[in-house]
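Just below is one structure, and these are the notes that go with it.
First listed ligand is number 1; within each ligand, the first listed atom is number 1. All figures in this text were calculated on a predicted structure; none of them were measured in a lab.
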Amino acid sequence: MPITLYNTLTRRKEAFEPLDPAHIRMYVCGPTVYDYAHIGNARPVIVFDVLFRLLRHVYGPEHVTYVRNVTDVDDKINARAAQDFPDLTLNEAIRKVTEKTEAQFHDDMAALGALDPTVEPRATEHIGEMRGMIDRLIANGCAYVAEDHALFHVSSMPDYGRLSGRSLDEMIAGARVEVAPFKRDPMDFVLWKPSKPGEPSWPSPGGIETQGRPGWHIECSAMAAAHLGDVFDIHGGGIDLVFPHHENEIAQSRCAHGSDVMANVWMHNGFLQVEGEKMSKSLGNFVTVHELLDTMDFGGTTWPGEAIRFNMLKTHYRQPLDWTFVSLDEAHKTLWEWYGVLEGRTAAPDVPASILDALSDDLNTPKVIAELHKLHRAGHFEELRTALGFLGFSGERANIRRGVIMHVEPATIAIEGQPATLVLGGVFDPDADSEKVSLTPEAWRLMAERHAARQEKNFGEADRIRDELSAMGIVLKDKKDPVTGRIVTEWEMAR
Ligand SMILES: [Zn+2]
């Protein structure tokens with residue numbers, strides 16, 4: 001089945017026809033490295049990783065080049081560097097921030113099962129190419145210099161706005177246009193700007209005498225051209241990048257190269273919200289990948305990267321995604337069940353056609369997951385293992401254990417009419433790789449047995465085990481988390 005992809009540029013699903021079947025070229029906008037990646041940042045990484053895997057499968061791994069840039073020069077980086085390392089020079093502080101953030105980003109994305117892109121160019125390593133591109137744009141009348149800035153002149157391009165489907169007038173009315181007196185046109189955007197003293201700076205293009213630094217949009221145009229050529233196959237990113245970032249990338253690249261398109265196919269993943277609300281720092285619902293993987297801040301447990309990946313793929317990439325505890329928990333439970341039946345199973349030689357067909361239909365991952373359920377139900381476990389591996393899932397329970405919820409600080413509590421008693425307590429979480437802190441293996445085994453009895457609705461047996469534990473001084477309390485609806489068992493042991 002041929003691959004079809006929805007193209008934002010033409011607003012329809014089209015059969016994918018590579019410029020050169022021996023060399024498929026894809027560019028996806030990468031992170032600005034100043035802070036932890038949040039799950040909204042992780043969505044395009046996972047979506048385009050799935051596409052990368054499909055393209056490698058169809059055309060051969062050595063015939064696909066995937067470029068994802070790293071933006072390491074930006075006002076937000078400068079601000080973070082000055083704030084976090086006030087004692088260092090700005091350039092040293094920036095290096096600390098960008099190195100640390102980039103390493104964290106790589107760790108997080110690897111945990112989510114994303115393959116490394118073929119090339120990860122850094123903006124600061126391509127300043128020369130950016131300068132060259134700006135000089136070309138000035139020479140052919142698409143850009144101009146004013147007050148030590150280089151600006152792109154949007155009215156030099158008759159079909160500016162084609163990607164976002166908006167006319168210049170609509171954009172001016174709708175956008176927060178930075179008003180600068182030296183702009184010829186309010187929609188003109190910055191290609192290069194002067195650096196303030198102490199900020200990173202490079203020799204400027206266009207005969208500008210003071211040192212400066214590039215704007216954000218020109219980075220991607222220059223890096224895409226350097227690694228993929230003037231025109232390439234697929235350009236991806238989040239829907240929030242359509243305007244102005246991608247519109248401006250297109251304007252720069254087409255005018256610099258004299259081409260009709262920058263990339264043939266433009267793909268955008270939808271927005272992401274958390275528990276039905278827009279994710280924002282001020283609402284306190286800002287979820288980072290690091291928090292999910294390494295802390296218990298989301299739902300009181302750590303989460304395996306594979307569960308995060310699976311949860312992300314349950315929604316089609318173009319649809320808005322609502323990130324909820326219930327959905328993530330369900331994703332984890334599904335994988336746990338599947339991985340259980342895969343134990344000791346080998347993999348089938350070929351990826352099932354049903355999986356490839358669903359993916360080839362504009363990355364229909366909800367359909368893919370329905371097909372995985374079918375393989376599981378039909379007992380086709382070898383095919384299930386192969387399909388999961390192809391999609392970036394290990395199939396091993398050891399890799400998807402959740403963190404245990406443990407409150408092991410000793411606390412003194414007063415029991416009516418008795419002297420204060422030292423209590424150790426914790427939560428028994430059947431899915432977690434629990435440490436048996438301060439409990440004997442025997443007690444832990446009884447708790448697991450009680451959990452199993454409750455699952456089977458054998459409440460008589462569950463009560464009998466509760467009494468047995470109680471006789472050992474271990475008091476159980478079943479609690480429903482009011483937010484998540486999840487039932488966990490708290491235990492306390494009087495000492
Ligand atoms: Zn970009």
Check: G161 main-chain N/O paired with R166 side-chain donor or acceptor under 3.5 Å: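 No; zero donor-acceptor contacts below 3.5 Å.
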
Is there a donor-acceptor pair under 3.5 Å between the side chain of H57 and the backbone N or O of L356? no

Taking every non-hydrogen atom, the tightest pair across Y34 and V97: CA-CG1, 4.0 Å

Find the distance between CD (E249) and CE (M223) and round it off to the nearest 0.5 Å.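 Here the interatomic distance stands at 9.0 Å.
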
Can a cation-pi geometry be assigned to R56 and F52, taking NZ or CZ under 6.0 Å from the six-membered ring centre and within 45° of the ring axis? yes

For a distance under 2.8 Å, give residue and atom name for each protein N, O or S atom next to the Zn ion (ligand 1).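 Sorted hits: C29 SG, C220 SG, H245 NE2, E249 OE2.
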
I'd like to check the salt bridge (charged side-chain N to carboxylate O under 4.0 Å, His left out) partners of E14; sequence neighbours left out, ordered by chain and number. R12

